[in-house]
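On a predicted model such as this, the values are computed, not experimentally measured, just so you know.
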Amino acid sequence: MALKTLTTFLSPLSLPHHFTNSTPKFLKTYTKPTLIVCKSTLSPETQFESDGAGAAAPTRGDRFLELQKAKEASKVVVRDSKKKRKKKDKVLKVNSAVASCYGCGAPLQTSESDAPGYVDPDTYELKKKHHQLKTVLCGRCRLLSHGHMITAVGGNGGYAGGKQFVSADELREKLSHLRREKALIVKLVDIVDFNGSFLARIRDLAGANPIILVVTKIDLLPKGTDFNCVGDWVVEATTKKKLNVLSVHLTSSKSLAGIVGVASEIQKEKKGRDVYILGSANVGKSAFINALLKKMGERDPAAAMAQKYRPIQSAVPGTTLGPIQIDAFLGGGKLYDTPGVHLHHRQAAVVHAEDLPALAPQSRLRGQSFAVISETETNNEFKSHGLNGFTIFWGGLVRIDLLKVLPETCLTFYGPKSLQVYMVPTDKADEFYQKELGVTLTPPIGKQKAEGWKGLDTERLLEIKFEDTERPASDVAISGLGWISVEPVRRSIRSSDINLESTSGELHLAVHVPKPVEVFVRSPMPVGKAGAEWYQYRELTEKELEVRPKWYF
């Protein structure tokens with residue numbers, strides 16, 4: 001009966017061809033499999049002994065168990081190595097779980113009333129209960145919104161810092177994760193302080209991510225400026241830095257000029273990535289974001305909703321103390337306002353917090369020119385003595401000694417109107433500075449602040465070469481302040497009647513500034529009506545035309 005049942009079950013239709021013989025064989029000769037062991041992943045204790053025979057030889061079960069142990073051990077090693085590598089590469093990212101002030105990005109806290117992010121405990125608990133912490137504005141931001149100058153970054157604005165302050169390095173560290181992420185970078189540069197606000201180490205922050213360069217505050221340029229010339233000048237200066245710049249945009253957050261173009265470029269290049277607004281402190285990031293949301297809100301309801309809780313704007317370096325997430329896009333990706341990168345070489349790092357507004361121009365720039373002409377009328381002839389032997393003070397922050405210039409040389413100052421320009425003979429400059437510092441030479445404002453002023457203890461000797469007297473020789477840019485246009489021959493007296501000994505030569509200047517402040521010598525920026533007349537467009541090769549970023553206004 002058992003044989004009959006077995007025969008029925010193992011019918012020829014259900015068996016492989018080698019089981020269809022009249023005498024089926026159910027036993028096969030066992031062939032010992034070849035054991036492959038990766039010795040690099042096994043410890044010496046788990047290696048198999050090759051010798052031993054008979055009863056001393058390991059059985060197939062022993063070998064199987066040893067192999068399983070080896071595999072488990074290798075998994076542990078790999079898992080531990082991954083944990084160590086992950087811990088080593090751990091980066092700071094925006095933590096959405098921690099409630100932050102929507103005005104400055106500082107984490108909300110109820111313990112230190114003088115520190116950023118402070119909220120009254122009762123208010124905090126009430127907002128937390130109703131899940132409204134994202135709508136909370138900290139006490140410092142409330143004061144900033146009413147015009148109070150409260151710095152929170154140690155080492156900037158004249159403060160050494162303390163436990164309630166945030167260091168500039170800590171703010172920079174909050175951006176360190178960007179170079180490892182796939183993001184779109186919108187980098188802001190202040191046209192008034194182009195060199196000082198450009199962020200020379202932008203690659204350390206942005207990595208290989210694409211950059212949209214936004215030039216802010218173009219509404220402050222002198223009347224009659226040709227933006228075609230300025231746009232070309234900016235692209236020329238940017239190309240030399242060899243960055244991954246997609247496009248350049250000239251903008252004004254105040255008049256909203258150029259903002260639509262930036263919004264379109266962001267939507268085009270975003271591709272689901274997060275968008276980070278980067279720039280140095282006080283370059284105008286918060287103002288730009290507010291203008292961007294206003295323009296985007298006309299078509300995007302998400303951006304329109306985001307306008308209700310906008311970042312705080314103020315003249316204090318360090319207004320934004322942490323990344324602020326803004327839900328400005330209907331599609332993927334977020335918009336982030338980031339802490340300003342604090343640069344020690346700008347004037348904002350040395351002046352007192354109460355004097356910071358004096359460094360920020362509030363209206364259109366008007367150049368203040370100096371070309372000393374001592375006019376002695378003898379038979380209707382004029383005798384020129386020029387600027388040699390004179391010193392020019394730009395507020396209490398800059399001193400320029402004219403060592404060797406032409407009789408017709410002219411210096412034009414572009415910067416905040418609150419900084420007055422004074423000229424005295426060089427042999428009386430020291431006495432004049434000590435007497436007028438804090439009074440007419442400001443900032444620092446007030447004799448009390450002037451007593452603690454460290455002075456202009458950095459001197460830089462400049463040898464400015466020129467080959468054409470029909471255009472400015474160069475600009476001398478003061479980091480965090482503005483620039484000085486150096487003309488070998490003043491434009492108003494250029495004529496064929498003036499006979500110069502040579503059409504080329506050198507001008508020698510000595511520039512004195514506070515110790516950390518940097519001085520840049522650059523090609524002259526074409527501003528005002530005259531800029532379009534002397535500016536020369538460079539001829540480009542086909543290869544340069546392909547890689548050169550386009551500019552928009």
Side-chain angles (χ1 to χ4, degrees), residues 89 91-96 105 174-189 198-199 201-216 231 234-235 238-239 241-251 253 256-279 283-307 309-311 320 322-339 341 545-553:
D89 296 340
V91 295
L92 293 173
K93 298 188 70 174
V94 178
N95 186 1
S96 58
K174 292 182 179 181
L175 304 175
S176 63
H177 65 92
L178 288 182
R179 59 179 175 264
R180 296 183 177 91
E181 288 189 5
K182 290 184 178 181
L184 177 62
I185 307 299
V186 179
K187 172 180 162 55
L188 269 58
V189 181
F198 198 91
L199 296 183
R201 295 167 55 193
I202 184 63
R203 287 190 189 90
D204 295 344
L205 296 176
N209 289 312
I211 298 173
I212 297 175
L213 184 66
V214 175
V215 181
T216 63
V234 171
V235 172
T238 303
T239 304
K241 299 181 181 295
K242 298 181 179 180
L243 299 174
N244 183 18
V245 176
L246 301 176
S247 58
V248 175
H249 298 260
L250 306 183
T251 69
S253 300
L256 302 181
I259 300 298
V260 174
V262 181
S264 299
E265 187 77 358
I266 290 175
Q267 293 290 1
K268 174 185 173 183
E269 301 292 343
K270 183 168 67 70
K271 299 175 183 177
R273 296 175 292 191
D274 290 335
V275 179
Y276 287 84
I277 311 297
L278 293 187
V283 76
K285 293 186 303 301
S286 298
F288 168 76
I289 289 178
N290 292 341
L292 184 65
L293 291 177
K294 185 175 183 179
K295 280 298 180 183
M296 290 175 56
E298 296 176 358
R299 297 185 177 183
D300 192 334
M305 288 292 294
Q307 293 185 64
Y309 302 105
R310 298 176 296 179
T320 304
I324 301 176
Q325 176 180 310
I326 304 172
D327 299 327
F329 308 117
L330 283 178
K334 304 290 184 182
L335 179 68
Y336 288 95
D337 185 11
T338 63
V341 179
L545 287 172
E546 292 178 1
V547 299
R548 181 182 168 97
K550 300 293 188 297
W551 70 269
Y552 303 92
F553 172 64

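The heavy-atom pair separating A302 from L330 by the smallest distance is CB-CD2, 3.9 Å. For the residue pair M296 and A263, the shortest heavy atom distance occurs at CG-CB, 3.8 Å. The nearest pair of heavy atoms linking V235 to T239 is O-OG1, 2.7 Å. P210 approaches A183 most closely through the heavy-atom pair CD-O, 3.7 Å. Scanning all heavy atoms of the two residues, the minimum distance from A291 to S253 falls at CB-O, 3.9 Å. Of all heavy-atom pairs spanning L292 and I259, the tightest one is CA-CG2, 3.8 Å.
A donor-acceptor pair under 3.5 Å links the side-chain atoms of T216 to the main chain of V189, judged by distance alone. Proximity of a side-chain donor or acceptor of N209 to a complementary backbone N or O of L184 within less than 3.5 Å is not detected. No donor-acceptor pair closer than 3.5 Å links the side chain of T251 to the backbone N or O of V214.
Note: H249 NE2 to I266 CD1 = 8.5 Å, rounded to the nearest 0.5 Å. Separating the NZ atom in K268 from the CD atom in E265 is a distance of 5.5 Å, to the nearest 0.5 Å. Atoms CD1 and CD, from I326 and Q307 in turn, are 10.5 Å apart once rounded to the nearest 0.5 Å.
Side chains of V275 and F329 form a contact here, defined as non-hydrogen atoms less than 4.5 Å apart. Side chains of K295 and L256 form a contact here, defined as non-hydrogen atoms less than 4.5 Å apart. Counting only heavy atoms from C-beta outward, the side chains of S247 and Y552 approach each other to under 4.5 Å. K187 places none of its side-chain heavy atoms less than 4.5 Å from the side chain of I212. Here the side chains of I289 and I277 are in contact, with some heavy-atom distance below 4.5 Å. L213 is listed as a side-chain neighbour of T238, based on a closest heavy-atom distance under 4.5 Å. For the pair D337/S286, a side-chain contact is recorded, criterion being any heavy-atom separation below 4.5 Å from C-beta on. Within the 4.5 Å cutoff, the side chain of F288 has no heavy atoms near those of the V283 side chain.
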Original post:
side chain to side chain contact (heavy atoms under 4.5 Å, CB included) between R273 and E181: does it pass, once the steps are laid out?
Top reply: CA-CA 9 Å; R273 296 175 292 191; E181 288 189 5; over 6 Å; no

Original post:
Yes or no on side chain to side chain contact (heavy atoms under 4.5 Å, CB included) for L278 and V186, after CA distance, side-chain angles and deciding distance?
Top reply: CA-CA 6 Å; L278 293 187; V186 179; over 6 Å; no

**OP:** In sequence, state the C-alpha distance, the side-chain angles, and the governing distance for D300 and Q267, and then conclude on side chain to side chain contact (heavy atoms under 4.5 Å, CB included).
**Re:** CA-CA 11 Å; D300 192 334; Q267 293 290 1; 4.3 Å; yes

**OP:** Dump the intermediate steps for side chain to side chain contact (heavy atoms under 4.5 Å, CB included) on L293 and L335, then the final yes or no.
**Re:** CA-CA 10 Å; L293 291 177; L335 179 68; 4.3 Å; yes

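Using a 30° and 60° split on the angle between ring planes, Y336 and Y276 fall in the parallel class, below 30°.
K270 NZ: more than 12 foreign heavy atoms inside a 6.0 Å radius.
By the ring pair (Phe, Tyr, Trp, His ring centres under 6.0 Å) test, F198 pairs with F194, sequence neighbours left out.
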